[in-house]
*Asks:* 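First, the structure itself, so that you have it in front of you.
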2 protein chains.
Amino acid sequence: MKVPVIVRQAMDAWRLLLEVHHELTHEMDRELREAHGLRLDWYDVLVQLNAAGGRLRMHELADATLFSRTDCTRIVDRMERAGLVVRERATEDGRGVYAALTSAGSRMLREAAVTHVRSIEQRFTGLLSEAEAATMAAAFRRVLTTDD
Amino acid sequence: MKVPVIVRQAMDAWRLLLEVHHELTHEMDRELREAHGLRLDWYDVLVQLNAAGGRLRMHELADATLFSRTDCTRIVDRMERAGLVVRERATEDGRGVYAALTSAGSRMLREAAVTHVRSIEQRFTGLLSEAEAATMAAAFRRVLTTDD
DNA sequence: GACATCTGATTGCAACTGTAACGATCGTGA
DNA sequence: TCACGATCGTTACAGTTGCAATCAGATGTC
């Protein structure tokens, strides 16, 4: 069965994407745990809360990260127990809850970011030429905005 | 704090890769379940067993897929219960076990492959130009083979 | 203002995962 | 041959996820 080269190359790209994602996220997670006792998903939460100015409603946090609302409830549970975030009732909506960075959370983020950003550069971005990164980013945006 | 455009673009590429992976794997998994009652990880196992001629030692299966040995033990447990694979003792090594495709497993693979390949083309490979796919594949190979 | 409807967040349950430890078997060197 | 460490696959346990159901509070309609 003959398969055109162009199709094979595209399929390779997909398969390789899966491998890259798997290998890099595992390594980065392990690295963050070893250096800071921080899970990669907790790190993502810290980043998003910080980017939003320190706090987000639970559903906004779910949108900003790649987690479901259920996940957010439980991740915030654990992070609250660890002292990295606190819950605050939303005064403007009786149903709502904010997840807010604590100072320990901010500090943890500042420390872990050094490790993690270096890790991304070392393992990924630093290995891409400017043109490759641009090509990739453009293609990924197309993939994400094509929804059918 | 000023960040060079080149770095930002590369970081975007990483972030977008995470989003693409998340969205596409979820959609493909859902699609396979709806159409065939098959999980994406089971599909991967079927593909690898088939590519290897029908059977693989457990540790070879772990290497061929993105799963750990523990995962393979348990995935094969469930797939065996579902009749898609069977375990066979390895005669050449008393510790060894083969996971082998059943005819139901082969049939399931043939059916599901139609759905899944179309899905990949629709959501990913079909949205990439030949040049983009080649660039991406080359860059990903570089990332995977650079282990420091 | 009372009703149904919708939304935000959480919970219960069953399924799944990661880590470390286990028993069985293998290969090697003394 | 025997003792040793290495490898193969599995298992125990605790932690984590996905889905559906739930509860409290908000919104819209008449």
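Below, chain A is the first sequence line, B the second, and so on; all start at residue 1.
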*Asks:* Choosing from dG8(C), dT10(D), dC26(C), which nucleotide comes nearest the side chain of V97(B)?
*Replies:* dT10(D)
*Asks:* Send over the distance from L40(B) CG to dA15(C) P, rounded to a whole Å.
*Replies:* 20 Å
*Asks:* Starting at the 5' end of DNA chain C and moving along, which residue's nearest nucleotide shows up first, E60(A) or I75(B)?
*Replies:* E60(A)
*Asks:* Are R57(A) and E92(A) close enough for a salt bridge, meaning some N to O gap below 4.0 Å?
*Replies:* yes
*Asks:* Name the nucleic acid region contacted by R57(A), choosing base, sugar-phosphate or nothing; use a 4.0 angstrom heavy-atom cut-off, strictly under.
*Replies:* sugar-phosphate
*Asks:* Could you state the CE-P distance from M58(B) to dT7(D), rounded to the nearest angstrom?
*Replies:* 18 Å
*Asks:* Tell me: CG of L56(B) to C1' of dC8(D), nearest whole Å?
*Replies:* 15 Å
*Asks:* Is R39(B) near enough to dC16(C) that one of its side-chain N or O atoms lies under 4.0 angstrom from OP1 or OP2?
*Replies:* yes
*Asks:* Between E19(B) and R15(B), is the closest basic N to carboxylate O distance under 4.0 Å?
*Replies:* yes
*Asks:* Look up atom CE in M79(A) and atom CG in D41(A), then write down how far apart they are to the nearest 0.5 Å.
*Replies:* 8.5 Å
*Asks:* Can you find a side chain N or O atom of R69(B) that sits less than 4.0 Å from OP1 or OP2 on dC8(D)?
*Replies:* yes
*Asks:* CZ of F67(A) versus P of dA9(C): gap in Å, rounded?
*Replies:* 17 Å
*Asks:* Take the angle between the ring planes of W14(B) and F124(A) and call it parallel below 30°, perpendicular above 60°, tilted in between.
*Replies:* tilted
*Asks:* If the cut-off is 4.0 Å, is R78(B) near the phosphate of dT17(C), judged by side-chain N/O to OP1 or OP2?
*Replies:* yes
*Asks:* Check the distance between dA20(C)'s C1' and R30(A)'s CZ and give it to me in whole angstrom.
*Replies:* 17 Å
*Asks:* Identify, between R87(B) and T70(A), the residue whose nearest nucleotide on DNA chain D lies closer to the 5' end.
*Replies:* R87(B)
*Asks:* Starting at atom CG of L66(B), determine the distance to atom P of dG18(C), rounded to an integer number of angstrom.
*Replies:* 12 Å
*Asks:* Contact class for D77(B) (heavy atom, under 4.0 Å): base, sugar-phosphate, or nothing?
*Replies:* nothing
*Asks:* If you only use heavy atoms from C-beta on, which nucleotide in dT25(C), dT17(C), dG18(D) is closest to the side chain of D41(B)?
*Replies:* dT17(C)
*Asks:* Hey, does the side chain of H59(B) come within less than 4.0 Å of dG9(D)'s phosphate (OP1/OP2), counting only N and O?
*Replies:* yes
*Asks:* Report yes or no: is there a donor-acceptor pair, N or O only, under 3.5 Å between the side chain of R74(A) and the base of dG15(D)?
*Replies:* no
*Asks:* In whole angstroms, how far is the C1' atom of dA9(C) from the OH atom of Y98(A)?
*Replies:* 14 Å
*Asks:* When hydrophobic residues are tied together by side-chain contacts of less than 4.5 Å, even through go-betweens, does F140(B) share a cluster with L18(B)?
*Replies:* yes
*Asks:* Could you tell me the separation between the CG atom of D29(B) and the P atom of dC16(C), rounded to a whole number of Å?
*Replies:* 11 Å
